[in-house]
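Nothing here was measured: the structure is a model prediction, and the numbers come from that model. Count residues from 1 along the sequence. Atoms considered below: every heavy atom in the structure, side chains included; atoms not considered: hydrogens, waters and symmetry mates.
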Amino acid sequence: MHSGGIGGMILTAFLRTLFFYFFLLLMMRIMGKREIGGLAPIDLAVTIIIAELAAIPIANPDLPILVGAVPIVTIVLLAIGLSGLSLRSHRWRSIIDGRPNILVQNGQFVPKEMKKVRYTINDVLEQLRRKGHPHVADVEIAVLETDGNLSVIPRSQARPIQPKDLGINTGYEGLPLTIINDGLVEYAHLAQCNLDMTWLQGELAKRGIKDPKEVFSAILDTKGNLFVQRKEDTHWYLQS
């Protein structure tokens with residue numbers, strides 16, 4: 001194949017990529033947020049097209065690699081460019097990603113916004129139940145975000161009681177660390193806690209365990225409590 005033929009194929013692939021990118025982005029916007037489920041339209045379009053473009057040169061070894069690489073690079077540059085426009089322009093951000101829609105306000109549905117995103121009452125109630133709010137009257141505001149997720153802010157009277165509401169001061173909790181994972185000791189986590197194998201073996205011995213391989217999981221919280229579960233055992237052993 002002569003160079004002109006290869007150049008023509010690359011140019012054709014480039015132009016087709018531009019067309020299908022914006023065509024697919026438009027289709028995602030038309031379909032609405034409920035079909036997106038967690039991804040913004042631009043992200044979903046990029047994901048779908050790149051996956052398809054990567055499969056073309058793999059499935060067709062006779063095609064030059066550039067025919068597959070050029071469209072992928074084009075998509076990535078387009079995504080970066082459009083993201084930059086979104087950061088600089090509120091209007092572009094609305095065009096590309098859409099706008100949030102308020103579906104519930106002051107404990108009542110907002111039919112106009114629900115109609116825009118093609119959400120029925122049952123759809124909204126289902127989403128509210130998933131967020132732990134079975135009664136729409138308990139919701140101050142529910143917003144359908146641009147990625148299709150529903151953000152729910154309950155009324156102050158329906159919110160769970162927080163320690164600060166009772167004037168209780170709480171200490172730092174942090175994240176527990178896994179010390180043993182399916183019989184394997186996480187030495188880096190031990191060192192992070194300024195602990196060693198001598199300490200660990202002592203803690204296991206208190207629970208009648210001779211070898212870390214007998215342990216399915218051992219987790220240490222920030223208060224120094226070690227939770228241990230033996231293999232083939234459904235019980236947790238706690239000892240400070």
Notebook entry, point to check: Any link between L195 and L226 through a network of hydrophobic side chains (Ile, Leu, Val, Met, Phe, Trp, Tyr) touching at under 4.5 Å?
Noted result: yes
Checklist line | Check: K213 main-chain N/O paired with K231 side-chain donor or acceptor under 3.5 Å | finding: yes
Notebook entry, point to check: In Å and rounded to the nearest 0.5 Å, what is the NZ to CG distance from K112 to N101?
Noted result: 11.0 Å
Next item on the list: Compare all side-chain heavy atoms of P100 with those of T146 and state whether any distance is below 4.5 angstrom.
Entry: yes
Notebook entry, point to check: Looking at CZ of R99 and CG of L144, how far apart are the two atoms once the value is rounded to the nearest 0.5 Å?
Noted result: 15.0 Å
Notebook entry, point to check: In terms of hydrophobic clusters joined by side-chain contacts under 4.5 Å, are V136 and Y119 together?
Noted result: yes
Margin query: Checking M114 against V124 for the side chain to side chain contact (heavy atoms under 4.5 Å, CB included) test, could you report, in this order, the C-alpha distance in whole Å, the side-chain angles of both residues, the deciding distance, and whether it holds?
Written below: CA-CA 9 Å; M114 291 170 59; V124 178; 3.9 Å; yes
Notebook entry, point to check: Is L204 reachable from Y187 through a run of I, L, V, M, F, W or Y residues, each pair having side-chain heavy atoms under 4.5 Å apart?
Noted result: yes
Next item on the list: List the steps and the verdict of side chain to side chain contact (heavy atoms under 4.5 Å, CB included) for D138 and L128.
Entry: CA-CA 10 Å; D138 293 336; L128 293 179; over 6 Å; no
Note to self: Testing the basics here: between L220 and C193, what is the closest heavy-atom pair and its distance to 0.1 Å?
What the structure shows: CD2-SG, 3.9 Å
Item checked: Nearest-0.5 Å distance that lies between atom NZ in K115 and atom CZ in R118 -> 12.0 Å
Next item on the list: Using a cut-off of 6.0 Å, state whether more than 12 heavy atoms not belonging to F109 lie near its atom CZ.
Entry: yes
Margin query: Within the supplied structure, the quantity of interest is the number of heavy atoms (other residues, nucleotides, ligands) at a distance under 6.0 Å from I161 CD1; does it exceed 12?
Written below: no
Checklist line | Carboxylate-amine/guanidinium contact E113 K116, below 4.0 Å | finding: yes
Checklist line | Worked verdict on W199 versus L190 for side chain to side chain contact (heavy atoms under 4.5 Å, CB included) | finding: CA-CA 9 Å; W199 172 85; L190 272 177; 4.1 Å; yes
Check: Do L177 and Q192 have side chains that get closer than 4.5 Å, going by heavy atoms?
Finding: yes
Check: What are the two closest heavy atoms between I102 and V110, and how far apart are they?
Finding: O-CB, 3.4 Å
Notebook entry, point to check: Looking at D165 and P160, what are the two nearest heavy atoms and their distance?
Noted result: OD2-O, 4.2 Å
Note to self: Between H189 (side chain only) and T178 (backbone N and O only), is there a donor and an acceptor less than 3.5 Å apart?
What the structure shows: yes
Margin query: If I compare all heavy atoms of E214 with all of I209, which pair ends up nearest, and what's the gap?
Written below: OE1-CG2, 3.8 Å
In residues 151-158, what donor-acceptor pairs under 3.5 Å come from side-chain atoms, sequence neighbours left out?
unit_1, atom_1, unit_2, atom_2, d
S151, OG, E145, OE2, 2.8
R155, NE, A137, O, 2.7
R155, NH2, N106, O, 2.5

Notebook entry, point to check: With a 4.5 Å limit on heavy-atom distance, are the side chains of S217 and N181 in contact?
Noted result: no
Next item on the list: Please answer whether the main-chain N or O of G224 pairs with a side-chain N or O of D221 as donor and acceptor at a distance below 3.5 Å.
Entry: yes
Item checked: For R207 against R230, the heavy-atom pair lying closest together -> O-NH2, 2.8 Å
Margin query: Quick check: closest heavy atoms across L200 and I179, and the distance to 0.1 Å?
Written below: CD1-CG2, 3.8 Å
Next item on the list: Could you walk me through whether M197 and V185 pass side chain to side chain contact (heavy atoms under 4.5 Å, CB included), step by step?
Entry: CA-CA 9 Å; M197 282 300 299; V185 178; 3.9 Å; yes
Notebook entry, point to check: Would you call V104 and I141 a side-chain contact if the rule is heavy atoms closer than 4.5 Å?
Noted result: no
Check: Quick one: do R130 and E126 make a salt bridge, cutoff under 4.0 Å?
Finding: yes
Notebook entry, point to check: Looking only at side chains, do T120 and D123 share a donor and an acceptor under 3.5 Å apart?
Noted result: yes
